[in-house]
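All chains are named by letter (A, B, ...) in the order of the sequence lines, taking the proteins before the strands, and each is independently numbered beginning at 1. No hydrogens, no waters, no symmetry mates; every other heavy atom, side chains included, goes into these values. Because the structure is predicted, anything quoted here is derived from the model rather than measured.
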Protein chains: 6
Amino acid sequence: MRFDGRESQQLRPVHIETDYLKHPEGSVLISIGDTKVICSASIEDRVPHFMRGTGKGWITAEYSMLPRATEQRNIRESSKGKVTGRTMEIQRLIGRALRAVVNLEAIGERTVWIDCDVIQADGGTRTASITGAYVAMAQALDKLQKEKRLKSHPVTDFLAATSVGILESGQVVVDLNYVEDSAAHVDMNVVMTGSGEFVELQGTGEEATFSYNQLQELLKGAQEGIMELFEFQKQALGESLAITIANARKG
Amino acid sequence: MRFDGRESQQLRPVHIETDYLKHPEGSVLISIGDTKVICSASIEDRVPHFMRGTGKGWITAEYSMLPRATEQRNIRESSKGKVTGRTMEIQRLIGRALRAVVNLEAIGERTVWIDCDVIQADGGTRTASITGAYVAMAQALDKLQKEKRLKSHPVTDFLAATSVGILESGQVVVDLNYVEDSAAHVDMNVVMTGSGEFVELQGTGEEATFSYNQLQELLKGAQEGIMELFEFQKQALGESLAITIANARKG
Amino acid sequence: MRFDGRESQQLRPVHIETDYLKHPEGSVLISIGDTKVICSASIEDRVPHFMRGTGKGWITAEYSMLPRATEQRNIRESSKGKVTGRTMEIQRLIGRALRAVVNLEAIGERTVWIDCDVIQADGGTRTASITGAYVAMAQALDKLQKEKRLKSHPVTDFLAATSVGILESGQVVVDLNYVEDSAAHVDMNVVMTGSGEFVELQGTGEEATFSYNQLQELLKGAQEGIMELFEFQKQALGESLAITIANARKG
Amino acid sequence: MRFDGRESQQLRPVHIETDYLKHPEGSVLISIGDTKVICSASIEDRVPHFMRGTGKGWITAEYSMLPRATEQRNIRESSKGKVTGRTMEIQRLIGRALRAVVNLEAIGERTVWIDCDVIQADGGTRTASITGAYVAMAQALDKLQKEKRLKSHPVTDFLAATSVGILESGQVVVDLNYVEDSAAHVDMNVVMTGSGEFVELQGTGEEATFSYNQLQELLKGAQEGIMELFEFQKQALGESLAITIANARKG
Amino acid sequence: MRFDGRESQQLRPVHIETDYLKHPEGSVLISIGDTKVICSASIEDRVPHFMRGTGKGWITAEYSMLPRATEQRNIRESSKGKVTGRTMEIQRLIGRALRAVVNLEAIGERTVWIDCDVIQADGGTRTASITGAYVAMAQALDKLQKEKRLKSHPVTDFLAATSVGILESGQVVVDLNYVEDSAAHVDMNVVMTGSGEFVELQGTGEEATFSYNQLQELLKGAQEGIMELFEFQKQALGESLAITIANARKG
Amino acid sequence: MRFDGRESQQLRPVHIETDYLKHPEGSVLISIGDTKVICSASIEDRVPHFMRGTGKGWITAEYSMLPRATEQRNIRESSKGKVTGRTMEIQRLIGRALRAVVNLEAIGERTVWIDCDVIQADGGTRTASITGAYVAMAQALDKLQKEKRLKSHPVTDFLAATSVGILESGQVVVDLNYVEDSAAHVDMNVVMTGSGEFVELQGTGEEATFSYNQLQELLKGAQEGIMELFEFQKQALGESLAITIANARKG
């Protein structure tokens, strides 16, 4: 039994509220336990410099935390005048992950801006961001498709992420909250597609290491957790869009 | 009748949800029409450099918008690497306004950090921020007082703010939404105390001017709107704290 | 009687020296008591991005202080690598105020750059900047008009500004110097046109408030002070240009 | 057979030149094929703020490229005024990896600054940096130990890193050069200890994914490559220091 | 005869107005032809970090231009968020030059801040800055000495600077104005003491070179010009202070 | 005899290794005693904004030090977020110097980027940078000429630089190492062409001065040292290119 009463394999309660904001093409408020992230997807009708003339679109992500999303107040990155290395890592991760399940040719020379703003943090903010951002993005692209502005549906598969880790006791657990994460020996973030393929795998032993066998256990835990997350995403997307994506995956 | 069906003097619907976040000492989600702001108040047990050794506390505010709080996505100030002039003006305004109704000696050498994060914008974000931040701050200071860490209750009066303006038609209206604000000839933000005194008055004619008589009309409108806002604040604060403040005002 | 021997309603000595610099299209050295500001107006034959293609011009202002304009030496903003919130507020105020008395269509797609550099500060630098910048701008635009580069004279009215405040004693005074300003309970900056209309009104009670009646007194004081400033401006502009503007106002 | 004639499992030629610079406590020039990195280790007799008073040391890394290390000249990060996200990711990775094989208590309140400056880049600069920096660090700490300034030898194991990837053809290869890396579907960086444990695992499918079975193949390839790198490190460290570390690992 | 009617060896008209500003310990407005610089000297009762505990003082200089000091308006360095290389070069030059004629031990652990603000530029702004700053500094230090806060008079000699150059025609001229400077093949700035010694010599051929013989001619011209400048400085300093310095030089 | 056993006029050992890097059009590793600099020259087929449409090329230089090039580790300029004044001065000097011996019309609208990265510093890094960068640039431009992309050979003369100084003892020495440089009373950097003309002369007395006679001695020392450096450059360039440049000089 874990600190908060969960089983090793048990996710915290998951809620995904869609159409959370008025202006963005897609937006959700995702909460996984006490971690809450507003994810929005905005469509811009042009691409960054390095993509111009390719006929393909781009997906880019920004991530931020409210100063008091955390136990101790953090200084705003705008006040510091620069974005921290941690934020940059997370932003790059979210963008890369989402691009793996989108047909960039199908969206044409457009940019999908993903904004993940953590309003309350209790561990796992980057994986919650990916899981929520996927839903916001899928809805924004679906809207574009329904407006007949795309040649084909650009979302090619489901995508979700979770964290797994090895606690001080050696126990392998899924979906670590902040208390667990702070004390964990090994921390791994895993992003997978609905087809069960890996998109990203980032395992880190901070002043610690992990064996080949422990790695296998971590991967198994992550996979089971992510499969559960797909069910929450499908519910949030609605039956019709979920079927469209399921078919795209097979096609 | 206005664009959205309101009377000249009519505020948009106001909701103040308290204890919105887990970590801050005080926090609210205030919505005034489609304008929604998360306001939090954090207590830090030290003061900025210029206040050290004075025995007095300080209140400082930061203001930000989610990139997609608006119709068009805005570039994050953290990405730009600097805070815009508009943001700085608003931050300074919020801080100054709140300091007018707090006995800084009573809070001792502590800083109250106010964070106003606009998650959805439809005009009047700075006045909604002041109105919401007041509630978050009052609750945070009340908690401090209840923990017996203060000599006396530091909140000396109520405080709220609204916008008034003159539309192209010459009509004087209160609580302008974004569409009205964009086209208004004159825009005025007014901050008042529960005693009916002015704290801030900022009237601006962008490529336009206003007469002495128009000014009197604007002030009257603002005063009436703010009196209504006090009722919403009192409800959010709860009867006990509202009475404490009302007594402090008289005392 | 005030600290420096003035009556409540008395301005400090005002001098406006025109054609102060060799290069700018318009330039003045304005001194109001010990406050001295070099104001220059430069014409650029293009407009900022957001005005392109509108056929209209733009007026923008920058404000700065020499490091030793003040009693204590200030760090240069160029050394800090960023402009303070106070500077930004003042710059925006000066630009907005001047735009209220210029027909932006008449100047075509040109930018008027206003530079206000305070070489000595003793209170009221922002209002002195507006009052001086108006003269520099009027002369620069008049030069443009005389060179037959404009369709019509673009200056539509006079414009000046002063500060008013409430001292600790409760006395309402006009044109506060630094010593008065530091101790004042309420500080208000007022910008008015030659027609007696308000352009900007910024009243602030720093850890204090003011009543409706006090506001009326402040407005009256400001109006009388500004009327006097118009006389100094007219003298600086010369009879011919002063008449041109007076006629534009009526027209 | 690969583009440059290598077998799937074959590393490029590896050279580690120790004592490359005069001033640092430890320094190497590592070349892996055409990738060349100067790695230096500097000892500072204090720790960053967050480690003060803990009695423990810290290891931090910085990474940079000469502008013309690459085929196209890159703009210097000092000219841009900010460090890119890619650089930050790599710096954080190098620091974390090295900390996994050092007993931070044994070095006392000291910081080891690792500088990895890529003078020529042909793929795998981050893994070459880790592999070279380990040697520079081990020599610097050994010097400290020989000067009798440490309680015990702080290096607890060997550490090296390599890249593995899946080419467009589906072939799994080790130690990708720039041409292979640019076209690879999956790219994975692996950091391991001499004991065969994982320290870091970062696998990424850029617009692609990888299966569980492919992952196993990648891990196997990485492990074999890293075992070879340990032999080059031992040769560079010299027999005596290599034995000391081998014993520390067992102890 | 030169462009503006001067002889090769002839300086432009020189004026040094002392006590130009109210607040600084020393201040002048120096004009050399149309070049006008406000120079101020401020005394701070502490030294930069690298001088603490040495018992010696420090002299540091900052240099800036008003945006419209020049024919074309320049962007403010505070708006750019950074100081240009040209400004840094000039600042370092002014500081170094002044330190050569001050006994830093005699001023104790104090910093003299020199601010040179060019309000109108027509060539030679850096040499005018040095020549004017010397007077402001000497007066500030003399004031300190008269207040009996120093052990001995810290100014050890006179100091002035001028520019010399070789025009396209091959003519060697002194004190180049902007038109001459722009077209000159060789530009040299020379700083000398009252004793006829060199402090700084910076000769530059921009896309051109100069011979040993031309160098000798340039040095002779510079020396004669600087001797004249000393007379203007002595007049500005007043007889008493000029004699004190002349004696210090001999002593 | 000097600190390190050299005669007053004796240079430290000089080595210039050409084709040091794989990617740049020209690159050298120059070592002068323990000072080691990687100099590369990169050709870009466009010019900066201010040169567009002139038909002429441009040469610009960047200079940097590895953090541990020096005895004490320096903070990276990329981490500080800005380039120091010293770096800017050196960069500007290198660029200006090289432009003096290149026919900018002959290179057409191209930019030559010079990068000087000091990997080990022991005094004289800026003069070593110029001397090494000249060779890298000459080789890069020669390659361009051999590819028949230029109308004529653009290098018009040789160019090298050295430092001279006056030690505390009064001894005039050439090519100062770090220990000498730190204690020298006068420090002068001299850049000359193969024709014996001066390009740059920067003499500085830090808290000291120098006489006319000392200046003559310094110039003589510099000239002799530079003549020796030309021989090392010719050897590095190879006979054929050295003859081409020698002819260009005469032509």
Residue part contacting chain E, namely of C:Ser42, when any heavy atom lies under 4.5 Å: both
Proximity of residues 122-136 of chain E to chain C, residues having a non-hydrogen atom under 4.5 angstrom: E:Asp122
Residues of residues 16-35 of chain E near chain C, each having a heavy atom less than 4.5 Å away: E:Tyr20, E:Leu21, E:Lys22, E:His23, E:Pro24, E:Glu25, E:Asp34
Top contributor to chain C interface from E:Glu77, E:Lys82, E:Glu71 [non-hydrogen pairs under 4.5 Å]: E:Glu71
Pairwise distance CD(C:Gln120) to OG(E:Ser40) - rounded to 0.5 angstrom: 11.0 Å
Minimum heavy-atom distance C:Ala41-E:Arg68, with the two atoms named: O-NH1, 4.2 Å
Positions in residues 139-150 of chain C that reach chain E, provided some heavy atom is under 4.5 Å away: none
Side chain to side chain contact (heavy atoms under 4.5 Å, CB included) between C:Asp117 and E:Arg76, worked out: CA-CA 11 Å; C:Asp117 286 87; E:Arg76 280 173 200 271; 3.0 Å; yes
Within 6.0 angstrom of C:Arg46 CZ, more than 12 heavy atoms from elsewhere: no
Residues forming a side chain to side chain donor-acceptor pair (under 3.5 Å) with E:Arg73, sequence neighbours excluded: C:Glu62, C:Asp115
